Amino acid sequence: MSNPPLPYKAAKTHKHLRELHAQIARQTLLHHNHHISLFIRRCAALRAPLPYVRLLFHSLPNPNLPVFTSTLKFFSLSSAHRDVLSLFHLLRSRRAPAPAPDADAFIYPIVINACPNASSVASAHAHVFKLGYGCDAFVRNAVVNGYLRFGLVGVAREVFDEMPERGVADWNAMISGYWRWGRGREACELFDEMPVRNVVSWTAMVTGYARSGDLERARGFFEGMPERSVVSWNAMLSGYAQSGLVDEAIELFLEMVDVGVEADETTWVTVISSLAERGDPRLAKSLVDSLDSRRVNCNCFVKTALIDMYAKCGELTTARRIFDEMGTHANVVSWNAMISAYARVGDLALARSLFDKMPRKNVVSWNSMIAGYAQNGHSFLAIELFKEMTLTNNFKPDEVTMVSVISACGHLGAYELGRWVMDVIAKNRINLSISGYNALISMYSRCGSMEDAERIFHEITGVRDVISYNSLITGFAAHGYGTRAIELMSKMKEEGLEPDRVTFIGVLAACSHAGLLEEGQHVFRSIKSPTVDHYACMVDLLGRVGKLEEAKRLIDGMPMKAHAGVYGALLNASHIHKQLELGEFAAYKLFDLEPENSGNYVLLSNIYAFAKRWKEVDRIREMMGTRGVKKTTGCSWVEFDGKVHRFIAGDQLHERSKEIYHVLEELEKRMRALGYIAIKDCVLRDVEDEEKEVIVGTHSEKLAIGFALLMSEEGAVIRVVKNLRVCGDCHVAIKMISKLTRREILVRDNNRFHHFKDGECSCQDYW
DNA sequence: CTAGGGTTAG
């Protein structure tokens, strides 16, 4: 100790630390444990990088107990649990087998706190008691907390009960442990029993009630507190914020300021995230102003909350600026917030570039990116990324991951993939919450299996919410099960759930697909304040059953402005019933509202073609040309052996393309032998004189069906998804295919299923 | 060295 102490406490930055380190090395102080211990403590205070301290420690020739201890503390502070444990094992192996003096009892709380699972807590517990540290208050408290962390509430309680004397910290630990594992009743009992309560005990009760959604009781305890700390205020604030009660949160925050409680960074984070939820740029602005005027010290959490708030208020540039300014201080959450910000607005390229660049990923990073793909229609990429996450990187998915993946499977109509996803859920023992089950209902509905959808629906009895019902009703609608949709709505009312906007859209669509006019009108009249979407459904219903004039009158009498969906329904109905004038009316409205949508031009042109108005057909074609509207290429896909095979009309890209065409040609030959006439590309031709129906060349769904016929076994149901509507002539062709091959074929287009069997189809309204 | 509050994803 003859060396003079270096100015450790004076170090203020990481740069200073490195200079000190160099000085230590120069003066060959590495074996002077007193210096090293002081230095590492300073590293902890300044949050030095983990690898730096790790390296430093391993370069030491002869670290003593204080050095071990300060390094342990550093690792613990950096949440480097594995480092804590390996250091502890190193310490145990180095030291003499004799029991250690009491002086180092305090390393045990750190070690127990780093235990990764319940069994390691148990062995630490045994070890610690064997060494005689069982009487140390801190060690006992750590043991109780260790068990509580992993849900072994009963074991924790036993340790608690066996304590010779209990401090208020032990009571508090037990109380918050009970709350954490959903055992509020026991928490309350302990709170009532405990001899001395402090502000922590009261705050734990506020948090407990707030987290279980009982904001009134939480507020009751908050009001009843003998004294409040800033943490108590924050607990109440975050209670409101987490329950989405933004107004209450803001009001409480103002009260807090009024009473003169100094807001800390946690307060700001809570308030900022509340305002993010509101998404109001003006509120956000005034909050930032008050941050500025108070010259609030913005830590990483505050900045991340700000990034999220700006992003949700639509100010991505500002969000990005803050993110860039954070530089290396940005943590994984800041990255995630930025990634999901880009994903939300559909800028997946930017989201992905950040995702690829980020220094560390956690499960939320993967979830954000996967959800970004899934929600922007890139189901396939979502699943690819999920495979990369779980198979390549061995990352464990959680429920949120699975909800996105389930949804992607549904959009793809990938039934087999969906079953694999169920396996993943089972293997990883992921507990699905209600939103997970709802996603499953949607997935199975979209894969065409209402049996599975209903099975899941019935499995979740008791906790079903409006979305569970809506998912199943929407499924029924897509399958044309009108009555069942209506019945389900009655059932949800019986269960005390009020149908919402989406419920009514589903039921009306179901009536429409099933041609249930009166029932639909009855439902429509029962809607308290119908939205424009409900009107669109009604126009669709009236139109499909042929009451086009009535549909037009409904549009004229609407209390709000009609949108593209309304006119789209009218155009579609005009197309079905070959109503030229209303078709023109609707189409021209649509040309204004969505000039880039090629489907509208095609529909109108087809209506003209049926009326043999060839000049107008040409005019629409020209119009598309001058406006630069490209006909959307529809694609279809079919799942086989867990892989999704995609086709577009006329493509020959598939490796088995030749065989597929051969299969289809053979079928066409058989059709011709039956007296049907096959004409290629005849949508616009005059077909009046044809006695028999017309089969047309290669549509994407026919290629997909051809592929499935080639690959799947006889008797298997063929499930095909098409991203555009299934058109009339192909409908005829598929009917024939189902008859000739005696296969059940399920084709899903945008929002409904066409179930082909024995030459018949469940959708009657096409031609 | 123990107990209470905070950011991101569906």
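Below, each value reflects all heavy atoms present in this structure, side chains not excepted, and no hydrogens, waters or symmetry copies. Just so we're clear, the structure is a prediction, and the values are computed from it rather than from any experiment. Lettering of chains follows the sequences in order, A, B, ..., and the numbering in each one begins at 1.
In this structure, A:Gln375 reaches the sugar-phosphate backbone alone: every heavy-atom distance under 4.0 Å involves primed, P, OP1 or OP2 atoms, never a base. Within 4.0 Å of A:Asp398, counting heavy atoms only, lies at least one base atom of the nucleic acid. Residue-level contact check: A:Arg211 touches the backbone only, with heavy atoms under 4.0 Å from sugar-phosphate atoms and none from bases. Base contact: A:Asn299 has a heavy atom under 4.0 Å from a base atom. As judged by a 4.0 angstrom heavy-atom cut-off over every strand, A:Ala142 is placed among residues making no nucleic acid contact. Within 4.0 Å of A:Ser232, counting heavy atoms only, lies at least one base atom of the nucleic acid.
Residues from residues 330-345 of chain A lying near DNA chain B, meaning a heavy-atom separation below 4.0 Å, are A:Val333, A:Asn336, A:Ser340, A:Arg344 in numerical order. Taking a 4.0 Å limit (strictly below) on heavy-atom distances, residues 301-315 of chain A reaches DNA chain B at A:Phe301, A:Thr304, A:Asp308, A:Lys312. If you check residues 184-204 of chain A against DNA chain B, the residues with a heavy atom closer than 4.0 Å are A:Asn198, A:Val199, A:Val200, A:Thr203, listed by number. Against DNA chain B, the stretch residues 346-359 of chain A makes no heavy-atom approach under 4.0 Å. Of the residues in residues 148-166 of chain A, not one comes within less than 4.0 Å of DNA chain B through any heavy atom.
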*Begin from the C-alpha positions of A:Asn113 and A:Asn145 and carry the test side chain to side chain donor-acceptor pair (under 3.5 Å) through to its verdict.*
CA-CA 8 Å; A:Asn113 190 33; A:Asn145 266 306; over 6 Å; no
_One pair to check against side chain to side chain contact (heavy atoms under 4.5 Å, CB included): A:Val424 and A:Met402. What are the steps and the verdict?_
CA-CA 9 Å; A:Val424 175; A:Met402 299 323 292; 4.0 Å; yes
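Counting 5' to 3', DNA chain B first comes under 4.0 angstrom of a heavy atom of chain A and last does so at the ends given by B:dC1 to B:dG10.
Legend: residues meeting ring pair (Phe, Tyr, Trp, His ring centres under 6.0 Å) with A:Phe150, ordered by chain and number and at least two apart, are absent. With sequence neighbours left out, the ring pair (Phe, Tyr, Trp, His ring centres under 6.0 Å) criterion links A:Phe253 to A:Trp268. Legend: residues meeting side chain to side chain contact (heavy atoms under 4.5 Å, CB included) with A:Ser379, ordered by chain and number and at least two apart, are A:Ala408, A:His411, A:Leu412. Scored by the ring pair (Phe, Tyr, Trp, His ring centres under 6.0 Å) test, A:Tyr147 finds A:His125 as partners (sequence neighbours excluded).
A donor and an acceptor atom, one from each side chain of A:Arg185 and A:Tyr178, are nowhere located under 3.5 Å apart. Between the side chains of A:Asn438 and A:Ser435, not a single donor N or O lies within less than 3.5 Å of an accepting N or O. Inspection of the A:Asn234 and A:Asp264 side chains reveals an N or O donor paired with an N or O acceptor under 3.5 Å. In this model, no donor atom of one side chain and acceptor atom of the other lie less than 3.5 Å apart for A:Asn172 and A:Arg197. A donor-acceptor pair shorter than 3.5 Å cannot be found between the side chains of A:Ser238 and A:Thr270. In summary, the side chains of A:Ser232 and A:Ser229 do present a donor paired with an acceptor at a separation below 3.5 Å, with no hydrogens or angles considered.
Salt-bridge annotation for A:Glu216 and A:Arg219: absent, with no side-chain N of the basic residue lying under 4.0 Å from a carboxylate O of the acidic one. For the pair A:Lys312 and A:Asp308, the salt-bridge criterion is met [side-chain N within less than 4.0 Å of a carboxylate O].
Listed by first and then second residue, the side-chain hydrogen bond (donor to acceptor under 3.5 Å, both in side chains) pairs that reach into residues 353-370 of chain A are A:Asn336-A:Asn362, A:Asn336-A:Ser365, A:Arg352-A:Asp356, A:Asn362-A:Ser365, A:Asn367-A:Asp398, A:Asn367-A:Thr401, sequence neighbours excluded. Pairs engaging residues 69-88 of chain A under the salt bridge (Lys or Arg N to Asp or Glu O under 4.0 Å) rule: A:Arg54-A:Asp83 [sequence neighbours left out].
Under a cutoff of 6.0 Å and an axis angle of 45°, A:Arg228 and A:Trp233 form a cation-pi pair.
Closest approach of A:Ile339 to A:Met369, counting heavy atoms only: CG2-SD, 4.1 Å.
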